[in-house]
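Everything below concerns the one structure shown next.
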Amino acid sequence: EKGGYDYFMLKEIAEQPKAVADTLLGRIDAEGLLRLDEVRIPVHELREVDKVVIVACGTAFHAGLIAKYAIEHWTRIPCEVELASEFRYRDPILGARSLVIAISQSGETMDTLMALRHAREQGSKVLAICNTNGSTIPRESDAVLYTHAGPEVAVASTKAFLTQLVACYLVALYLGQVRGTKWGDEIGAVIRDLAQIGGEVERVLETMEPVRELARSLADKNTVLFLGRHVGYPVALEGALKLKELAYMHAEGFAAGELKHGPIALIEPDLPVVVVVPSPRGRSVLHDKIVSNIQEIRARGARTIVIAEEGDEAVVPYADHLIRIPATPTLLQPLVATVPLQVFACELATARGNEVDQPRNLAKSVTVE
Ligand code: M6R
C-alpha cells in the first residue's frame with residue numbers, strides 16, 4: 001500500500017503533482033473563470049464580506065498565513081489568520097459579514113472545530129477547506145471546498161498542505177471574481193499559471209537528489225534555522241515544523257527582516273540556515289533585501305542553504321548550497337518552495353534513524369483541545 005516507497009511520506013510527497021491537479025480539476029472553466037458553485041454561500045453574501053478570518057493549526061495554519069497574502073492582494077478584503085487554539089479565548093470581533101475559513105486536513109481537529117463553532121455562534125459564515133469527506137468540520141460549516149489530496153497517512157502533512165494552498169488560492173481568486181476586484185490581466189495570468197503548477201512541482205521532485213545528499217550530511221547537527229520574507233516566511237515556518245516533527249531537531253523559522261532584531265545573535269560558524277528567496281522578477285525590493293540578509297549571515301560563518309528561482313544569479317556568490325526551483329508568480333512560489341523542505345526533513349529523519357511516518361509523541365489528528 002506504500003506503492004513501492006519505504007514510507008507513506010515519500011509516497012505522499014511524490015503524489016503532490018497529482019494532488020494539486022486534482023484539486024484544480026473542474027474548478028477552472030475553458031474561459032479561465034473559476035467555477036466554485038459547490039461553495040454554497042450565495043454570491044451576494046460573498047460580495048458583502050468585509051473581513052476574512054482564517055483559523056487552523058500546525059501546517060494548515062501555515063497554509064492560512066500564505067492565504068492571507070493572496071486574499072488581501074487579490075481581493076483587498078482585510079484578512080486575519082489565527083491559531084485555532086488561541087482564537088475563541090480572546091473574544092474575537094466577528095459579525096455577519098465576516099467570512100471565517102477553517103482549514104483542516106482531517107476535519108477532526110478539536111481546536112479548529114471549537115473555533116468554527118465559536119464563529120458560527122457570533123453569526124459569521126464558515127467555509128471549511130478540508131481533505132476528508134463527511135468529517136466533522138465540513139459537516140458543521142456553512143460551506144466546504146474539498147481538497148483532493150487523497151488519503152494522507154503519514155503524520156507529517158505534505159500533499160494536504162499543497163492542496164490547502166491551491167484551495168486557498170481558488171477561494172481568494174473566486175472572491176476577487178465575484179466582487180470584480182482587481183480582475184484584470186494579472187489574475188488571468190495567475191489562473192493560467194496555477195493550471196500549470198502541478199507540472200512545476202513534478203520538475204522540482206525530479207531534482208531532489210542533491211537535497212537528500214545535503215540532508216544526510218547534516219544528520220549530526222543540532223539546529224537548523226529557516227528564513228523567508230513575504231510568502232517565503234510561512235514557508236520557512238513550515239520547513240522548521242517539518243524538521244522538528246521528523247528529525248527531532250531544534251528548528252526555527254523567522255521572517256528574514258527580523259534577523260537584526262534578535263535572531264542574528266544565534267548565527268555561529270557552520271550553523272545551517274535555509275533561506276527561501278523570493279523571485280527577482282516583480283517584487284525585486286524583497287529579493288534585494290533577502291540577498292543582503294544572506295550576505296549578513298554568511299559573513300558570520302553560517303552555512304547558507306539557498307532556495308532560489310532558476311536564473312537568479314545574484315544569490316550564487318553567497319550560497320554554500322543552492323537549491324533551484326522553477327520561476328512562478330510570487331504568490332504561488334510556496335507550492336514549489338515547500339517541496340525541497342519536505343524532502344530535506346524526511347531524509348534527515350531517515351538519516352537519524354527516526355520513524356518517518358509515525359514521529360514520536362504525535363497523532364495524525366488531534367481530537368482533543
Ligand atoms: O488535520 P488538520 O489539518 O486540522 O491538522 C492540523 C495539524 O495538527 C497538522 O497540520 C500537524 O501540524 C501536522 N502534523 C503537520 O505536519
Side-chain angles (χ1 to χ4, degrees), residues 7-13 15-16 19 23 54-67 81-88 100-117 119 126-141 144-168 226 234-249 251-253 334 338-339 341-346 348-349 354-369:
Y7 307 109
F8 279 107
M9 185 177 177
L10 287 172
K11 174 173 178 264
E12 290 162 7
I13 288 173
E15 284 170 347
Q16 291 184 113
T23 300
I54 301 177
V55 289
C57 303
T59 288
F61 172 70
H62 298 154
L65 290 175
I66 293 165
V81 193
E82 187 146 352
L83 289 167
S85 56
E86 289 290 321
F87 184 63
R88 69 193 171 115
V100 174
I101 303 179
I103 309 176
S104 174
Q105 187 286 132
S106 63
E108 301 295 347
T109 299
M110 187 56 76
D111 286 312
T112 310
L113 180 62
M114 297 313 268
L116 86 82
R117 283 186 185 159
V126 176
L127 167 66
I129 290 179
C130 184
N131 195 46
T132 312
N133 268 33
S135 54
T136 312
I137 287 173
R139 272 195 282 117
E140 292 207 14
S141 298
V144 54
L145 183 66
Y146 280 109
T147 50
H148 295 155
E152 191 181 64
V153 177
V155 167
S157 186
T158 54
K159 61 177 181 170
F161 176 68
L162 259 62
T163 60
Q164 283 160 356
L165 289 177
V166 169
C168 288
F226 294 78
V235 171
L237 296 177
E238 175 62 7
L241 178 63
K242 287 279 102 69
L243 207 61
K244 288 176 210 172
E245 285 189 288
L246 292 157
Y248 316 151
M249 285 165 88
E252 275 193 73
T338 307
V339 176
L341 302 180
Q342 299 167 341
V343 171
F344 181 72
C346 185
L348 252 165
N354 297 353
E355 174 52 69
V356 171
D357 288 334
Q358 280 290 339
R360 66 185 183 198
N361 308 338
L362 293 174
K364 182 63 183 162
S365 57
V366 183
T367 52
V368 288
E369 263 191 284

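Just so you know, ligand 1 is whichever comes first in the structure, and atom 1 is the first atom listed for that ligand. Here, residue 1 is the first one in the sequence, and each next residue gets the next number.
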Step by step, would you call Lys159 with Thr147 a side-chain hydrogen bond (donor to acceptor under 3.5 Å, both in side chains)? CA-CA 10 Å; Lys159 61 177 181 170; Thr147 50; over 6 Å; no
Stepwise, does the side-chain hydrogen bond (donor to acceptor under 3.5 Å, both in side chains) test hold for Glu108 with Ser135? CA-CA 6 Å; Glu108 301 295 347; Ser135 54; 4.5 Å; no
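Of the residues listed (Lys242, Gln164, Glu245), the one engaging Thr59 in a side chain to side chain donor-acceptor pair (under 3.5 Å) is Lys242, and it is the only one.
Ligand 1 places these atoms under 4.0 Å from at least one heavy atom of Ser157: 15 (C), 16 (O). Every atom of ligand 1 with a heavy atom of Gln105 under 4.0 Å away is listed here by number and element: 1 (O), 2 (P), 3 (O), 4 (O).
Taking only nitrogen or oxygen atoms, main chain and side chain alike, Thr112 does not reach within less than 3.5 Å of ligand 1. Between Gly107 and ligand 1, not a single N/O pair is under 3.5 Å apart.
For atom 7 (C) of ligand 1, the nearest non-hydrogen atom from the set Cys57, Ala154, Ala363, Ala56 comes from Cys57.
In terms of protein heavy-atom proximity, atom 14 (N) of ligand 1 is closest to Glu245 OE2, 2.6 Å. Of all protein heavy atoms, the one closest to atom 5 (O) of ligand 1 is Thr109 OG1, 3.5 Å. In terms of protein heavy atoms, atom 15 (C) of ligand 1 is closest to Thr59 OG1, 3.0 Å. The protein heavy-atom contact nearest to atom 1 (O) of ligand 1 is Ser106 OG, 2.6 Å. Among all non-hydrogen protein atoms, the one lying nearest atom 8 (O) of ligand 1 is Val366 CG2, 4.2 Å.
Asp357 places no side-chain N or O within 3.5 Å of a backbone atom of Tyr7 that could act as its donor or acceptor partner.
Legend: residues meeting side chain to side chain contact (heavy atoms under 4.5 Å, CB included) with Ala251, ordered by chain and number and at least two apart, are Phe226, Ala240, Leu243, Lys244.
At least one side-chain heavy atom of Tyr146 sits less than 4.5 Å from a side-chain heavy atom of Pro138.
Contact annotation for Glu108 and ligand 1: no heavy atom of the residue comes within less than 4.0 Å of the ligand. Within the 4.0 Å heavy-atom criterion, the part of Lys242 lying near ligand 1 is the side chain and not the backbone.
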